[in-house]
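Worksheet for the structure shown next.
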Amino acid sequence: MQKPTKILLLSLLVLSITLFSCSSKNNTNKNLQVFRYNEHKNIGSLDPAFSKDLADIWATHQLFNGLVQMDDQLNVKPCIAKNWVVTDSAKTYNFTLRKDVYFHKHHLFGTSTSLGNQDSTRTVNASDFEYSFNRLKDEKLASPGSWVLKKVESYSAVNDSTFQIKLKQPFPAFLGLLTMKYCSVVPKEIVEHYGSDFRSNPIGTGPFKFKRWEENIKLVFRRNNNYFETDEKGKQLPYLEAVAITFLPDKQSEFLEFAQGNIDFVSGLDASYKDEILTAEGKLRELYADDVNMIRGPYLNTEYLAFFMQSEVEEIQALKLRQAINLGFDRTKMITYLRNGIGIPATGGFIPKGLPGFDDTIGFSYQPEKAKQLLLEFKSETGIQNPEVTLTTTSNYLSFCEFIQREIQKIGVNINVDVIPASSLKDAKANGQLNFFRASWIADYPDAENYLSLYYSKNFAPNGPNYTHYSDPNFDTMYEASYLETDPKIRANLYTKMDSLVMRTAPIVPMFYDEVVRFTRKEVKGLGINATNLLELKQVEKMK
């Protein structure tokens, strides 16, 4: 029997869709070139040096640019740097800057007149990047993005239009790192004027400029008429006149606003509305087909369970038991029932689909009979007739862990599920206090090296991201060799070999590789999708 709350939600949604076309007609002219979306997680800062969370990244991406940028296929493309040359055995990068990039207008760029300070602007030069990078490294600022420059030996403005970066050692993923919002250019005179208040008084070079921010209520950006990029036909970007962001705190209310035509876009699939908008197979329900577009594609996020390889628990130490758990549940069935078909069953390794190095044949498929056989061998070798392990998770992922618990019980392993707060799980896994736990890894930058760093022996947590304390000298040798390999195909093959080596030891149980899912209203055109889930609005427009 359906719960009353679900019936009420469905009734509201049906009413919303009935009103959808009416509100669309009423709002068409008023909101034609204003892109409206909701951010249920509050934005903490509009300073790119603090763009750690996706909510902040989406906002700052509209306001700021860096040397380079990434397209929807994860290719690094020119941005403020029109080109670059890599020399010195791939350790020195010389970037040539465009000369037509201007900061957003501000009175501090202007000169005093009888009418007061006039808004003005100035061009970006190489010394602005030198200042911005110095700021990123400043311990007093304490930017969470300072690690991006960890492999950098030095950087300097050679002249106004040339910026040089020297690395301590070759690092093929470095250009991908530079696409992160942390590496955006900011103007010294504005930052030093506002100090910490630059977070709410941002001045950048991006396609949109800051207009107004009522924290937790509304944030507004306006079109930057001096923006330097054009489309393939030479038309100046962006097309939109404004971006308006609201801050409703829950996803259910956000979806109702979308259904009523009050916002243009919803990202992700929340439990509160997933069954209302999608079928179990992941198709858009007919009720929404006339008014809504759905876009989906790979997301650089691997959801998995992890074993602590230095655990004293005999079950955790046993390879055959770890393999049996990997073989003992149906990942496709789990995705169908718990995520309405959104997600890719993880039959490969730790590297997710969408990155060079991904191989969906190196992991584990559903083989319950083989799992039972491995378990019999485990019992015979250890004398443990009733193997038992505790899986620690957060409430958000309880349904996945309970699904695996039920399936693994069928092959003869008892899994106890322990639910703790996210902050507690984060601390406990970093300090080696959990034997078996749920985790996920979203790419910091789009290179498989970022994923494989979790298995490098010199990265043991808490000083690095190797939470499993996996260690293999062969892996370490290949990992270090990958830094020196500049040929993308050879490097991708090396990544696959490393991932395969990890999976032979089974320190993890990959569950699924996530997908980006976006719902937009039909009149929204040009909103693409990418594996980093970056919100790119400069080529978006709204059609009548």
Answer yes or no: is there a side-chain heavy-atom contact under 4.5 Å between Tyr37 and Ile245?
-> yes
Apply side chain to side chain donor-acceptor pair (under 3.5 Å) to Asp100 and list each qualifying residue two or more places apart in sequence or on a separate chain.
-> Arg98
Quick one: salt bridge (Lys or Arg N to Asp or Glu O under 4.0 Å) partners of Glu232, sequence neighbours excluded?
-> none
Give the intermediate values and the outcome of side chain to side chain donor-acceptor pair (under 3.5 Å) for residues Asp499 and Tyr451.
-> CA-CA 9 Å; Asp499 206 9; Tyr451 285 85; over 6 Å; no
From OG1 (Thr394) to CZ (Arg438), nearest 0.5 Å | 5.0 Å
Return the minimal non-hydrogen interatomic distance between Leu452 and Phe475, and the atom names on each side.
-> O-CZ, 3.3 Å
Hits for side chain to side chain contact (heavy atoms under 4.5 Å, CB included) against Glu515, two or more places apart or cross-chain, chain-then-number order -> Arg296, Ile342, Ile344
Pairing residues for Glu130 by the side chain to side chain contact (heavy atoms under 4.5 Å, CB included) criterion, not counting sequence neighbours | Asn134, Tyr155, Ser156, Ala157, Phe163
Do the side chain of Thr162 and the main chain of Asn159 share a donor and acceptor less than 3.5 angstrom apart?
-> no
Below 4.5 Å, heavy atoms only, C-beta onward: do Tyr194 and Arg199 meet side chain to side chain?
-> no
Between CZ of Phe265 and CG of Leu535, what distance do you get to the nearest 0.5 Å?
-> 5.0 Å
Just how far is it from atom NZ of Lys105 to atom CG of Asn225, taken to the nearest 0.5 Å?
-> 8.0 Å
Between Ser200 and Pro202, which heavy-atom pair has the shortest distance, and what is it?
-> C-CD, 3.4 Å
Which of these passes side chain to side chain contact (heavy atoms under 4.5 Å, CB included) with Tyr455: Asp476, Ile508, Leu501?
-> Ile508
Short side-chain to backbone donor-acceptor contact, Thr505 and Pro507, under 3.5 Å | no
Take Phe129 and Phe95 through the test ring-ring contact (aromatic ring centres under 6.0 Å, His included) and record every step on the way to the result.
-> CA-CA 11 Å; Phe129 277 100; Phe95 296 90; 8.3 Å; no
Side chains of Leu434 and Tyr467: closer than 4.5 Å at any heavy-atom pair?
-> no
Residues in side chain to side chain contact (heavy atoms under 4.5 Å, CB included) contact with Leu141, at least two apart in sequence or another chain | Ala49, Phe50, Arg135, Asp138, Ser143
Take Tyr456 and Glu480 through the test side chain to side chain donor-acceptor pair (under 3.5 Å) and record every step on the way to the result.
-> CA-CA 9 Å; Tyr456 185 46; Glu480 289 165 3; 2.5 Å; yes
Just wondering, do Lys542 and Tyr239 contact through their side chains at under 4.5 Å, heavy atoms?
-> no
4.5 Å side-chain heavy-atom contact, Ile442 and Leu300 = no
Excluding sequence neighbours, so at least two apart, what forms side chain to side chain donor-acceptor pair (under 3.5 Å) with Thr520?
-> none
Side chains of Ser127 and Asn125, donor plus acceptor under 3.5 Å = yes
Contacts of Lys353 that satisfy salt bridge (Lys or Arg N to Asp or Glu O under 4.0 Å) - sequence neighbours left out = none
State which residue, out of Pro48, Pro144, Ser132, Ser146, fulfils the side chain to side chain contact (heavy atoms under 4.5 Å, CB included) condition with Tyr182.
-> Pro144
Between Tyr513 and Gly348, is there a donor-acceptor pair closer than 3.5 Å when you use the side chain of the first and the backbone of the second?
-> yes
Donor-acceptor contact below 3.5 Å, side chain Asp56 vs main chain Ser45 | yes
Applying salt bridge (Lys or Arg N to Asp or Glu O under 4.0 Å), name anything that partners Arg223, two or more places apart in sequence or on another chain.
-> none
Roughly how far, to the nearest 0.5 Å, is CE of Met503 from OG1 of Thr361?
-> 11.5 Å
Heavy atoms only: give me the nearest Ile43-Glu39 pair and the separation to one decimal.
-> CG1-CG, 4.2 Å
With sequence neighbours left out, the residues meeting side chain to side chain contact (heavy atoms under 4.5 Å, CB included) with Asn493 are none
Between Phe519 and Phe258, is the ring centre distance below 6.0 Å?
-> no
Is the closest side-chain heavy-atom distance between Lys489 and Arg491 below 4.5 Å?
-> no
Check the pair Ser471 / Met309 against side-chain contact (heavy atoms from CB on, under 4.5 Å), numbers first and verdict last.
-> CA-CA 9 Å; Ser471 179; Met309 299 296 281; over 6 Å; no
Please list, chain by chain and in numerical order, all residues satisfying salt bridge (Lys or Arg N to Asp or Glu O under 4.0 Å) with Arg222, sequence neighbours excluded.
-> none
Sorted by chain and number, sequence neighbours left out, side chain to side chain donor-acceptor pair (under 3.5 Å) with Thr246 holds for Asn38
Min side-chain heavy-atom separation Asn293-Val524 under 4.5 Å | no
Have Asn466 and Thr468 got a donor and an acceptor in their side chains that come within less than 3.5 Å?
-> yes
Between Leu537 and Gln62, the two heavy atoms sitting closest are CB-OE1, 3.5 Å
Please tabulate, one pair per line, all N/O donor-acceptor pairs under 3.5 Å involving side-chain atoms of residues 65-82, not counting sequence neighbours.
residue : atom : partner : partner atom : Å
Asn65   : OD1  : Thr205  : OG1          : 2.8
Asn65   : OD1  : Gly206  : N            : 3.4
Asn65   : ND2  : Tyr227  : OH           : 3.3
Gln69   : OE1  : Lys538  : NZ           : 2.7
Gln69   : NE2  : Pro78   : O            : 2.8
Gln69   : NE2  : Glu229  : OE2          : 2.9
Asp71   : OD1  : Gln73   : N            : 2.9
Asp71   : OD1  : Leu74   : N            : 3.1
Asp71   : OD1  : Asn75   : N            : 2.8
Asp71   : OD2  : Asn75   : ND2          : 3.3
Asp72   : OD1  : Asn530  : ND2          : 3.4

Working to the nearest 0.5 Å, report the span between CD of Glu215 and CG of Asn42.
-> 8.5 Å
Can any side-chain N or O of His104 pair as donor or acceptor with the backbone N or O of Phe208 at less than 3.5 Å?
-> yes
So do the side chains of Met294 and Val517 get within less than 4.5 Å of each other, counting heavy atoms only?
-> yes
Rounded to the nearest 0.5 Å, what's the gap from NZ on Lys211 to NZ on Lys218? Could you check?
-> 13.0 Å
